[in-house]
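Report on the structure given below.
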Amino acid sequence: MENIQLYVNGSFVPAVDGRTFDNVNPFTKEVTNQVAAGDQADVEQACEAADSAFKTGPWGHMPLKERMTYIERIADLIDESVADIAVMESLDTGLPISQTKKMVARAAENFRFYSRMVQTHLHGDAYQVDDAFINYTVYQPLGAVGLITPWNAPFMLTTWKVAPALASGNTVVLKPAELSPLSANKLAQIIDAAGVPKGVFNVVHGYGETAGAALVQNDKVKAISFTGETVTGKTIIKNAADSLKKTSMELGGKSPIIVFDDADFERALDAAVWGIFSFNGERCTANSRLFVHTSIKQTFTEALKKRVDQIKMGDPMDNQTELGPLIDQAHFEKVSRYIEMAEKEGCDVYQGQQPSGTSDGYFVPPTLLLNATNDMRVSQEEIFGPVMSVIEFSTEQDVIDMANAVEYGLAGYVWTNDIKRGHRVAQAVDAGMLWINAQNVRDLRIPFGGMKSSGIGREGGHHAILEFYTEPKAIHVALGDHPIPQFGKHD
Ligand code: NAD
């Protein structure tokens with residue numbers, strides 16, 4: 001695999017100080033390649049390029065149709081590379097190839113969706129004030145924006161930010177997660193091949209505390225869109241305060257799945273298992289707290305155990321693999337510590353068997369924390385691995401109270417065949433996104449994001465372009481000679 005450079009002002013370049021870091025494959029623990037380690041000087045160059053491309057380049061003033069031909073060309077080029085990008089993504093993250101193929105395919109749609117969205121929804125309103133005024137709004141791009149992304153679904157989450165940012169006329173400096181740089185580099189190659197003018201899109205690889213922090217502090221950057229851990233989000237908001245940057249925060253979660261006794265048992269089981277063990281459990285909207293009604297707890301738990309026994313762990317490149325290794329050593333240790341903690345807190349820990357041939361990778365078997373309670377640390381803190389607390393409940397009010405007794409509020413899932421109860425519970429759970437009798441099927445038009453410690457602001461739909469990547473400007477026009485107070489005119 002080729003070594004990776006930064007992409008600044010239309011060129012692939014090494015870091016100013018020549019430094020690099022190792023990119024490690026979490027399945028083999030071997031070094032895949034070297035990545036240029038950007039720092040302050042590189043971020044300054046990239047921000048300068050993005051700022052001047054916005055102010056003096058063609059991008060911001062280009063006819064809309066012309067800008068959209070670039071956006072759609074990027075989508076076409078992604079389509080041509082889906083298979084390659086899926087392999088990169090699995091190499092980098094350990095996510096099973098059958099899952100990365102689907103995620104990557106959706107990335108092209110992110111660009112097409114925002115091409116359509118900008119053409120149909122990025123418009124202002126007019127406000128007639130009697131015969132005296134017509135006031136109207138226009139939505140203008142912000143300028144250079146900074147995008148900071150995590151490693152857990154890198155290509156999908158990165159394009160989810162890059163597409164609306166570029167389509168609405170901004171220029172971009174992207175700081176991808178240091179643990180998953182491959183697909184961000186591929187995106188730079190694609191955007192370069194699409195002929196997007198130089199400086200419009202820049203990528204600075206590097207660590208969060210150096211490259212990421214420099215991007216947050218750079219005066220030329222007008223806004224930061226961030227997806228990652230809650231604790232990092234808090235640091236970024238503090239650091240962005242000095243330059244009063246707009247920020248969008250997509251943060252952690254500890255989402256409940258609530259299974260009532262009248263639920264469709266098999267479908268609820270499928271959803272609970274998929275919702276925690278897909279994407280290696282490294283999923284912001286994972287249902288990491290299962291609340292199951294007392295009367296079906298026994299049978300549901302037995303069925304869960306059977307599924308856990310049969311989940312196929314292994315090589316992420318194998319199409320049959322359902323669960324791959326975690327992203328790196330530090331994360332493996334963190335998840336393992338939580339499993340030890342669960343035992344100390346009194347859970348009955350039930351795990352699938354790790355197959356032979358997987359001892360090299362950072363594997364954690366699918367894990368159920370049986371007989372958990374909601375107040376345990378393992379039920380309160382985001383573990384971000386294939387680990388689910390199983391908690392019983394008896395009444396609707398009890399389960400709503402428990403679902404809400406947590407710091408986070410990203411997603412929630414309700415399983416019941418009582419239509420009134422389904423809506424009631426979904427409306428009572430404090431989360432940005434709820435699904436009733438459904439797994440996490442996404443509609444790109446909905447506002448995506450969380451409340452409480454799970455985030456501030458929403459991505460997706462028209463929310464991203466109208467509420468974040470543009471600034472509304474109100475223009476007031478007098479239609480006649482309205483009265484103007486005449487200070488200082490006394491003759
Ligand atoms: P992280 O916070 O460790 O890192 C995310 C990004 O921030 C990386 O690019 C990192 O280099 C950068 N960063 C770190 N410190 C920084 C600093 N001081 N200044 C600027 N940038 C900095 O998160 P992660 O471990 O990569 O991702 C996992 C987390 O992301 C989980 O908590 C998960 O729930 C969350 N997530 C949330 C959503 C959502 O939509 N709400 C989606 C996916 C992941």
Side-chain angles (χ1 to χ4, degrees), residues 21 23 26 35 37-40 43 92-93 95 103 146-161 173-181 183-184 203-218 221 224-242 245 247-255 276 278-288 326-328 330-332 334-335 381-385 406-412 431-433 440 442 446-460 463-464:
F21 61 89
N23 181 27
V35 183
D39 206 332
Q40 177 124 9
V43 169
D92 242 1
T93 61
L95 291 171
M103 276 200 274
L147 312 180
I148 302 179
T149 49
W151 47 259
N152 69 310
F155 199 64
M156 173 64 205
L157 292 170
T158 298
T159 54
W160 187 231
K161 293 186 192 297
V173 178
L174 167 68
K175 206 307 277 172
E178 54 272 35
L179 295 177
S180 58
S183 64
V203 182
V204 180
H205 298 280
Y207 296 107
E209 297 72 13
T210 52
L215 182 58
V216 172
Q217 276 157 357
N218 192 285
V221 172
I224 294 286
S225 176
F226 171 74
T227 300
E229 285 186 37
T230 298
V231 63
T232 316
K234 289 180 186 175
T235 305
I236 290 178
I237 290 177
K238 284 181 199 143
N239 290 343
D242 285 339
K245 277 186 187 66
T247 55
S248 162
M249 295 284 142
E250 296 290 344
L251 309 174
K254 192 76 181 178
S255 300
I276 187 65
S278 56
F279 311 122
N280 298 346
E282 298 162 326
R283 181 174 189 168
C284 55
T285 50
N287 44 249
S288 45
L326 297 180
I327 184 80
D328 75 343
H331 192 52
F332 169 80
K334 173 185 156 181
V335 175
E381 297 173 18
E382 186 183 44
I383 298 175
F384 216 55
V406 72
E407 177 190 353
Y408 297 101
L410 188 57
M433 298 170 287
N440 182 326
R442 278 188 57 205
I446 62 141
F448 185 95
M451 49 176 78
K452 295 158 76 177
S453 290
S454 289
I456 302 176
R458 295 292 185 273
E459 299 195 306
H463 309 275

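Computation of the quantities below employed the complete heavy-atom set of this structure, encompassing side-chain atoms and omitting hydrogens, waters and symmetry-equivalent molecules. In each ligand, atom 1 is the first atom listed, and ligand 1 is the first ligand listed.
Distances between N or O atoms of T149 and those of ligand 1 include at least one value under 3.5 Å. The shortest N or O to N or O distance between E229 and ligand 1 is under 3.5 Å. The shortest N or O to N or O distance between T235 and ligand 1 is not under 3.5 Å. On a distance-only criterion, C284 and ligand 1 share no N/O pair closer than 3.5 Å. The N/O atoms of E178, backbone and side chain alike, include one that comes under 3.5 Å of an N/O atom in ligand 1. For the pair K175 and ligand 1, the shortest N or O to N or O distance falls below 3.5 Å.
In V231, neither the side chain nor the backbone holds a heavy atom less than 4.0 Å from any atom of ligand 1. Using a 4.0 Å cut-off between heavy atoms, T232 contacts ligand 1 through its side chain alone, with no backbone atom that close. Under 4.0 Å from ligand 1, the heavy atoms of P176 that appear belong solely to its backbone. Neither the backbone nor the side chain of R283 comes within contact range of ligand 1; no heavy atom lies under 4.0 Å. Contact annotation for E382 and ligand 1: only side-chain heavy atoms (C-beta onward) come within less than 4.0 Å of the ligand. Under 4.0 angstrom from ligand 1, there are no non-hydrogen atoms of L215.
Less than 4.0 angstrom separates atom 9 (O) of ligand 1 from at least one non-hydrogen atom of the protein.
The shortest separation from a heavy atom of G449 to ligand 1 is not under 4.0 Å, leaving the residue out of contact. Under a 4.0 angstrom heavy-atom cut-off, G455 registers as lying outside contact with ligand 1.
In this structure, H331 and F384 have side chains that are in contact, with non-hydrogen atoms separated by less than 4.5 Å.
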